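Any value given below was found using the heavy atoms of this structure, including those in side chains, with hydrogens, waters and symmetry copies removed. Because the structure is predicted, anything quoted here is derived from the model rather than measured.
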Amino acid sequence: MTDRKAQLAENLARVEERISSACAGAGRARDEVTLIVVTKTYPASDVRLLAELGVRHVAENRDQDAAPKAAACSDLPLSWHFVGQLQTNKVRSVAGYAHVVQSVDRPKLVTALSAAAVSADRELGCLVQIALDAESGERGTRGGAAPEQLAELADLVAGAPGLRIDGLMTVAPLSGHYAGREQAAFERLMELSSRMRVDHPAATMVSAGMSADLEQAVVAGATHVRVGTAVLGARPRLG
Ligand SMILES: *Cc1c(COP(=O)(O)O)cnc(C)c1O
């Protein structure tokens, strides 16, 4: 094994141990939680090593980096998640490789994603990104719709050709009512998920938790955690 592969294997084992203990502590089965490794800023060679180590879900937040990486790794059995703020002029590219777009936060993006999915002849899974610190009608500083917009966005996605409504996603807010209260933030997300599933029973994905707060997300009930730093190492700033 190369040094890098051994290092990734060790980091993955440590993250796996954290997820397993959090599941055990919460009385959840380990297979209720899927690990998504956030590979942003890291090269395609790392994605390849991760795939060899058994990773099946990877996430990226910038199309400029993600598109060539996904192309270089198209032979690997990976699901690609897009988790960054998404401009409509990038949607056509993203629809060419993403399996799930986790950052759906406005009607205009739904329309653009739907058109791109149809013309690429692909079905795209969509998560509505919730900004728990956003006021009604506004978006969060890191993207995301205010909770009041969830029902409208979910209905729009569900009715859009080429798109599938899979659930919701959040990043624990750094400011506002939930700042420093990750557990409470993720519990709020779970309430929103329950409400959403009344109208969209198949939208069971709850994507929450990163390197620093994956335990809180697992305890709250997240089905997917998005882990970057703890697997790949600290990114240079601006990532
Ligand atoms: C970068 C990123 C992550 C991973 O963050 P880490 O702290 O490195 O684990 C998760 N979700 C989103 C949306 C991100 O942009």
Any link between [X] and [Y] through a network of hydrophobic side chains (Ile, Leu, Val, Met, Phe, Trp, Tyr) touching at under 4.5 Å?
X      : Y      : result
Val83  : Leu232 : no
Leu150 : Met190 : yes
Leu127 : Met210 : yes
Phe186 : Leu168 : no
Leu86  : Leu124 : yes

Intermediate values then yes/no, side chain to side chain donor-acceptor pair (under 3.5 Å), Arg92 and Ser119: CA-CA 9 Å; Arg92 186 168 288 275; Ser119 82; 3.1 Å; yes

Just by distance, do the side chain of [X] and the backbone of [Y] share a donor-acceptor pair under 3.5 Å?
X      : Y      : answer
Tyr42  : Gly233 : yes
Thr170 : Ala208 : no
Ser193 : Leu189 : no
Ser103 : Gly84  : yes
Arg122 : Ala95  : yes
Ser114 : Pro161 : yes
Arg188 : Tyr178 : no
Arg18  : Arg14  : no
Lys69  : Thr39  : yes
Glu152 : Gln149 : no

Can you find a heavy atom in the side chain of [X] that is under 4.5 Å from one in the side chain of [Y]?
X     : Y      : answer
Val37 : Val227 : no
Thr88 : Leu113 : no
Asp46 : Arg4   : yes
Val33 : Cys23  : yes

Mind checking the [atom1]-[atom2] spacing from [X] to [Y]? Nearest 0.5 Å is all I need.
X      : Y      : atom1 : atom2 : result
Leu76  : Arg56  : CG    : CZ    : 8.5 Å
Phe82  : Cys126 : CZ    : SG    : 12.5 Å
Leu12  : Lys5   : CG    : NZ    : 11.0 Å
His81  : Gln102 : NE2   : CD    : 6.0 Å
Gln85  : Arg62  : CD    : CZ    : 10.5 Å
Asp105 : Arg139 : CG    : CZ    : 5.0 Å

Closest heavy-atom contact between [X] and [Y]?
X      : Y      : answer
Ile165 : Ala154 : CD1-CA, 4.1 Å
Lys90  : Gln64  : CE-OE1, 3.8 Å
Arg48  : Ala72  : NH2-O, 3.0 Å
Val91  : Ala112 : CG1-O, 3.3 Å
Tyr97  : Ala66  : OH-CB, 3.3 Å
Asp63  : Pro68  : O-CD, 4.2 Å

Does [X], at its [atom1] atom, have more than 12 non-hydrogen atoms belonging to other residues, nucleotides or ligands within less than 6.0 Å?
X      : atom1 : result
Glu52  : CD    : yes
Arg142 : CZ    : no
Asp75  : CG    : yes
Asn89  : CG    : yes

Would you check, one step at a time, whether the test side chain to side chain contact (heavy atoms under 4.5 Å, CB included) holds for Val231 with Leu50? CA-CA 9 Å; Val231 173; Leu50 289 166; 3.8 Å; yes

Looking at Glu123 and Arg164, is any side-chain nitrogen of the basic one under 4.0 Å from a carboxylate oxygen of the acidic one?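 Yes, charged N to carboxylate O under 4.0 Å.
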
Salt bridge present between Asp65 and Lys40 (N-O < 4.0 angstrom):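 Answer for the salt bridge query: no.
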
Carefully, step by step, assess Arg226 and Met169 under the rule side chain to side chain contact (heavy atoms under 4.5 Å, CB included). CA-CA 10 Å; Arg226 309 177 307 269; Met169 181 272 252; 3.3 Å; yes

Intermediate values then yes/no, side chain to side chain contact (heavy atoms under 4.5 Å, CB included), Arg30 and Glu16: CA-CA 10 Å; Arg30 170 62 190 90; Glu16 175 54 38; 2.8 Å; yes

Hey, what's the ring geometry for His57 with His224, parallel, tilted or perpendicular (30° and 60° as the breaks)?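 Geometry flag for His224 against His57: perpendicular rings.
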
For Val38 and Val58, what are the C-alpha separation, side-chain angles and deciding distance, and is it a side chain to side chain contact (heavy atoms under 4.5 Å, CB included)? CA-CA 6 Å; Val38 184; Val58 293; over 6 Å; no

